[in-house]
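Worth saying up front: this structure is predicted, and the values here are computed from it rather than measured. So that the names make sense, note that chain A is the first sequence line, chain B the second, and so on, each numbered from 1.
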Amino acid sequence: MNEREWTGEEVVRRAELQRLRELGIDPYPAREFPVTHHAADILRDFKPENADQWTNVAVAGRVMNRRTQGKAGFMDLLDESGRIQIYLKRDILCPGPDETLYKEVFEKLTAIGDVVGIRGRVFVTKTGHVTVEARDYVFLAKSLRPWPVPREKDGVVYDKFSDPELRHRMRYVDLVLNPEVKERFLKRGALVRTMREFMLSHGCHEVETPILQPVYGGALAKPFVTHHNALDMPLYLRIANELYLKRLIVGGFERVFEFAKDFRNEGMSRFHNPEFTQMEFYAAYKDYLWMMNFVEEMLERVAVAVNGTPEVPDTPISFARPWKRFTFFGAILEYTAVDAQTASDDELIELAQRLGARFDRRPDRAQLWDEIFSSAVEPRLVNPTIIMDYPVEMSPLAKRKPENPALTERFEVVCNGKEICNAYSELNDPIDQRARFAEQAAARSAGNDETMPLDEDFLRALEFGMPPTAGLGVGIDRLAMILTRANSIQEVLFFPHMRPENFS
RNA sequence: GAGUCCGUAGCUCAGCUGGUAGAGCAUUUGACUUUUAAUCAAAUGGUCCCGGGUUCGAGUCCCGGCGGACUCACCA
């Protein structure tokens, strides 16, 4: 094994480890340490008048600070709930002649980052701090790396562990040292939990569908490709699970959903990670108008679960119903005073260029509309806003509007200038669907490399007959970013994708 | 991909118009039996991201590379 050279502090910690073993203390014991209380429980519930009920507590956690003072000392212990102070007095920890536990194990061999267990009684110090007085001291795990612990006084934090690269590469350190980071991930958990409970309470079945797919589909994106050895064939990591969930609707499930990791082989930015999470949901016998109301209710509830209120704190964003609704062309008209539906190609090109667009070759109308919408409309939509009735060219899986076949029954929810939901009355006409795939194939041969390949089995399923269905996709990462005011997707992913680290 | 900025001790950072490396914390040793950014005294700690160039001399200036941050454009 090719281990790197140790720093001075690491040499010290390994010597401490060795010394613990010489003293007969296992630095990584196998037996459980039966914890009776968490730090937050003690701080919340302890009262000096019933101190007699607090004479035998057991706490465990990571040593975050040590203040020794000769024959007594203090430590701060961090567990999942928070910090608690420990008081270690030599004469209590070592009542007999052997002072090793205090003089060596605590004073010399314990370092910041070590995990220890304490048994003792709770009391309040002169300075008013609820503290556990240690009667017993158990080593639970020796830390061999120095921890970059910040210091804090009067609410000001010094030497904060703030380098984004180090924080993301060593999230385990980040989570220990930066409580607000842990808080954000707890909020993401509340988001997912609330959404799942909402779905389940509406009669939806949670399902799992393939991640490795022989044909990718359900979105317009470049896939990751891998290879199955036994079958000697390429497989794609899914870019969406839409086509599989619709197969389940054909199969008789009326409401299915999946929290799905999807994978797209595209650029990375503060809004894009190669793998990301979508919640996709399909409801038979419903349409996109029903889905709009469903999404409004669901996201309002999620926002309340995360922040206690539909307003996102310190932002102008509110998820309170009802949300503003525009048609796609209505929104363009509102923000550019141009009727993009009837305007000529040249007028659209002129408008797009005025908005800052540059084109390598002559764009088609769908590209122009998309360009105009994303530069003139999207950035202006701060509160959640429903945009509906997209042009059919931009929506190969959505049902056409009966009164205008150039438009589809599709809506997106745009919030904080970004799309967070995408929904349709799903196309269930197998003949139309086959034609849309053919258009995609034509676009592919014309040079567009983000098109949908034809999925013959999916078409077969539609030919067996799919009930009219409303479908929805929610971008969980982006929703988490908005609800926790994160300015980068990396802040809402425990382990965002990064360049490989060079350990040599 | 384009532009701007950054890379110095384990961590957070200073280092002027080029003159040979600094602080706080962490670590080590000692003192201290209710402290809390504990305090006090002392000590250790550096491939100044890498490579080349200019120069008597480069952490500092120039070129190239690597890594990162931010802003902008595109897919969720």
Parallel, tilted or perpendicular: rings of A:Phe185 and A:Phe494 (30°, 60°): parallel

Distance between P atoms of B:rC6 and B:rU28 (Å, rounded): 36 Å

Sugar-phosphate, base or nothing in reach of A:Gln278, heavy atoms under 4.0 Å: nothing

Aromatic ring of A:Phe271 stacked on base six-ring of B:rA76, 5.5 Å, 30°: no

Value in whole Å for how far the P atom of B:rC74 lies from NZ of A:Lys222: 14 Å

Plane angle bin for A:Phe437 and A:Phe458 - parallel if under 30°, tilted between 30 and 60°, otherwise perpendicular: perpendicular

Sugar-phosphate, base or nothing in reach of A:Asn487, heavy atoms under 4.0 Å: nothing

Sugar-phosphate only, base, or nothing, as touched by A:Glu275 at under 4.0 Å among non-hydrogen atoms: nothing

Parallel, tilted or perpendicular, as decided by the 30° and 60° cut-offs, for the rings of A:Phe259 and A:Phe257: perpendicular

A:Glu242 CD - B:rA76 C1' separation (whole Å): 13 Å

Protein-nucleotide distance (A:Glu107, atom CD; B:rU35, atom C1'), rounded to Å: 14 Å

Pair of N/O donor and acceptor under 3.5 Å linking B:rU12 base with A:Asp163 side chain: no

Among B:rU35, B:rU33, B:rC72, the one nearest A:Phe74 by side-chain distance: B:rU35

Distance-only donor-acceptor test, A:Gln69 side-chain atoms vs B:rU39 base atoms, 3.5 Å: no

d(CZ, A:Arg90; P, B:rC32) in whole Å: 10 Å

Heavy-atom donor-acceptor pair, A:Thr127 side-chain to B:rU34 base, under 3.5 Å: no

Touch class at under 4.0 angstrom, heavy-atom based, for A:Lys418 against every strand present: nothing

Sugar-phosphate only, base, or nothing, as touched by A:Thr68 at under 4.0 Å among non-hydrogen atoms: base

Between B:rC61 and B:rA69 - P atom distance, rounded Å: 24 Å

Sugar-phosphate only, base, or nothing, as touched by A:Arg13 at under 4.0 Å among non-hydrogen atoms: nothing

Of the listed nucleotides B:rA76, B:rU35, B:rC11, the one nearest the side chain of A:Ile489: B:rA76

Geometric cation-pi criterion A:Arg66 and A:Phe106, 6.0 Å radius, 45° cone: yes

